[in-house]
Student: 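Before we start, here is the structure in question, set down as structure tokens.
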Amino acid sequence: MRIGTFMYCLKQGIVNICRNIWFSLASTAIISACIFLLCMFYSIIRNIQYMVFTAETTMGITIFFDEALAETEILEIGETIKAERAGQIKEMLYVSAEEAWETFQTDYFGENMALAAGFSDDNPLAGSASYEIFLKEITGQADMVRYLETLPGVRRVNYSNHVAAGLASFNRILAMLFGAILAILLAVAVFLISNTITVAAEFRKDENRIMRLIGAANFMIRAPFVVEGLILGLVGAALPLTAVYYLYRQTVEYVAAQFGILSGIIQFLPIHAIYPTMLGISLTLGGGLGFIVSSVTIRRHLRV
Amino acid sequence: MIEIAHLTKIYDKSKRALRDINLIIEDGEFVFITGRSGSGKSTLVKILLKETELTSGRVTVNDVDLGRLKRRHIPKYRRRLGVVFQDFRLLKDRNVYENVAFAQRVIGASGRMIRESVPKMLTLVGLSSKYKYYPHQLSGGEQQRVAIARALINRPEVLLADEPTGNLDPQNAEEIMRLLDAINRQGTTVIVVTHSHELVDRMKKRVVTIDKGVIVRDEEEGRY
Ligand SMILES: Nc1ncnc2c1ncn2[C@@H]1O[C@H](COP(=O)(O)OP(=O)(O)O)[C@@H](O)[C@H]1O
Ligand SMILES: [Mg+2]
């Protein structure tokens, strides 16, 4: 296609939008709403997954051993694990029974350490020596646990996946909720875009009739409307993308400032980690929606 | 060359708009098609434009068999014809220049080509000084000239004019006819549908008369 022809189609598409500005704005707004929602949903899901991930990696896997085992034997098993699974392990800590008891005291009695004094030298956690394993990839957890459980001398393998399981169902509910709202908004968007294009086609009825008599290709007749739909969709995507970009950064800053104490638990993904995917999805959805709906509408409307 | 053989057109029910039409129009001819209102003249034009399907018979325009012409090839075919109508059918929101340029634009002509040929065409139809005017600022005769310029800009082999002077006063009508004649002298086949007696009589061209869908007369240098 010639540059001139392309520019002509582009210009006519813009003319369509301007002629029919209220419908165009309404269409853009509803597309924006859809995409804003999608971006929000995406951000939330991604961050939850990320938080679960960080939480689980910080929690690690704890291995307890048969009480009869001597410390040297435990350490030996530790070496075996370290050697056989070197690739998956980020960090591996040995916690002796004494250390476990000390940690427990600080954690549970805190400032009232005196309360713990009652136990004095009698370590109630004797035989609780353990290894704590932190994985490089939380996805390898299940496999690692299975391996550890087969090791002789291992009494119990503690690991957390209820956080993951709980959040998975939470995610599912969230997805259904967002999905439902999104479906309604999308339906409204399709309806509005289609109407906008129909009105634009009505404006150009005479012109299209003349074009047909002159021998304009169908493509030429449809192009202004498809361009119109595409622009509506892309602008509809650009607005929420911009909004989400700033909003996200603001939120991250705000939460960091307000709930600094929780910074260990609430860990947001940096914007650049999720933005490229969000940008791709949004532009594809917006542009695709505009393109497809306008193409279908105009094809039906101008059927020769 | 346009060859029409045993052409019949039935719109709906059994009412025949055209009945067993046989007609041959050579390249470069100037032909009037006359007849009373409702006799089927516009139907013939529409068939030539492939705006409506023929019911039976055979129509070929410069070796294109219209009965067999595929839908997707219609645009290309139409570029070989120019058409003007009684109601001009100009784009009201665009000036003279843009109206003519439009016809080239929509078939994908280059910007350079458009800038070269539009002024030439406007000069040919005598409107070069009014290229910036909008249709409502022009007389009927001038509007029809714009329509003719638009019809000719893509160098069609055949120019079809359906009652081109129907909305014009006698003087403007006369001028439009002279313009069509000039265009014909440059080699374009011109077919003019009209029911203006004086014009037909004065031009001394071939006249085909249709009545109730049937050709009743076909004379060289004919009269209405
Ligand atoms: N689209 C149509 N549907 C049904 N009948 C039509 C249609 N167009 C024209 N006719 C009928 O066909 C006949 C010829 O019409 P037309 O070709 O327009 O005549 P003319 O141009 O000579 O006045 C008329 O009786 C008219 O009513
Ligand atoms: Mg007619």
Side-chain angles (χ1 to χ4, degrees), chain A residues 1-24 196-231 294-296 298-304, chain B residues 45-46 48-53 64 69-85 87-94 98-116 135 146-147 149-162:
Chain A
M1 187 170 49
R2 287 177 200 281
I3 296 281
T5 309
F6 174 76
M7 294 307 283
Y8 179 81
C9 294
L10 190 65
K11 188 184 153 194
Q12 297 309 312
I14 294 169
V15 166
N16 274 1
I17 292 173
C18 298
R19 258 190 208 152
N20 194 7
I21 191 72
W22 290 112
F23 260 80
S24 306
T196 308
I197 299 296
T198 305
V199 172
E202 205 55 41
F203 268 116
R204 283 189 191 266
K205 211 161 91 185
D206 291 345
E207 184 178 329
N208 290 333
R209 201 166 60 152
I210 294 166
M211 281 173 94
R212 197 160 284 132
L213 282 174
I214 290 168
N218 285 330
F219 152 79
M220 264 318 262
I221 298 175
R222 289 173 193 153
F225 304 99
V226 177
V227 167
E228 179 183 5
L230 201 59
I231 291 177
S294 61
S295 301
V296 170
I298 205 63
R299 207 170 272 263
R300 218 186 286 160
H301 211 260
L302 296 181
R303 191 162 284 161
V304 202
Chain B
V45 170
K46 280 184 190 148
L48 290 173
L49 280 170
K50 193 73 181 170
E51 265 200 277
T52 186
E53 295 295 324
V64 176
L69 183 60
K70 294 216 177 66
R71 181 175 277 225
R72 67 172 186 280
H73 293 139
I74 292 176
K76 277 246 161 59
Y77 164 73
R78 286 196 183 138
R79 291 177 198 181
R80 302 170 64 177
L81 309 175
V83 242
V84 294
F85 297 95
D87 56 0
F88 320 131
R89 299 193 190 172
L90 299 178
L91 299 172
K92 294 175 182 60
D93 59 339
R94 282 177 234 194
E98 289 162 344
N99 262 284
V100 179
F102 175 77
Q104 285 205 299
R105 190 49 95 192
V106 300
I107 64 162
S110 71
R112 163 128 63 86
M113 172 114 148
I114 295 171
R115 282 188 295 277
E116 266 173 26
V146 179
R150 184 180 68 194
L152 292 177
I153 192 77
N154 293 326
R155 317 200 151 279
E157 295 144 33
V158 180
L159 180 65
L160 295 169
D162 192 352

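Numbers restart at 1 for each chain; the letters A, B, ... are given by sequence-line order, proteins then strands. As a basis for the values below, the full set of heavy atoms in this structure was taken, side chains included, without hydrogen atoms, waters or symmetry mates.
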Student: List the residues meeting side-chain hydrogen bond (donor to acceptor under 3.5 Å, both in side chains) with B:Tyr77, not counting sequence neighbours, and say none if there are none.
Tutor: none
Student: Can you tell me how far CG of B:Leu91 sits from CZ of A:Arg204, rounded to the nearest 0.5 angstrom?
Tutor: 9.5 Å
Student: Tell me which donor-acceptor pairs under 3.5 Å the side chains of residues 104-115 of chain B have, and how far apart each pair is, sequence neighbours excluded?
Tutor:
unit_1, atom_1, unit_2, atom_2, d
B:Gln104, OE1, B:Ser117, OG, 2.8
B:Gln104, NE2, B:Ser117, OG, 3.3
B:Ser110, OG, B:Met113, N, 3.1

Student: With respect to chain B, which residue among A:Met220, A:Met211, A:Arg2 yields the maximal number of heavy-atom pairs within a distance under 4.5 Å?
Tutor: A:Arg2
Student: So how far is it from A:Glu207 CD to B:Asp93 CG, rounded to the nearest 0.5 Å?
Tutor: 7.0 Å
Student: By number, which residues in residues 149-160 of chain B have some heavy atom less than 4.5 Å away from chain A?
Tutor: B:Arg150, B:Asn154
Student: As an exercise, state the distance from CZ of B:Arg78 to CG of A:Leu213, rounded to the nearest 0.5 Å.
Tutor: 6.0 Å
Student: Could you please state which residues from residues 12-20 of chain A sit under 4.5 angstrom from chain B, measuring non-hydrogen atom to non-hydrogen atom, sorted by number, or 'none'?
Tutor: A:Gln12, A:Arg19
Student: Let me know if B:Arg94 has heavy atoms under 4.5 Å from chain A in its side chain, its backbone, both or neither.
Tutor: side chain
Student: So with a 6.0 Å cut-off around CD1 of A:Ile21, is the heavy-atom count from everything else above 12?
Tutor: yes
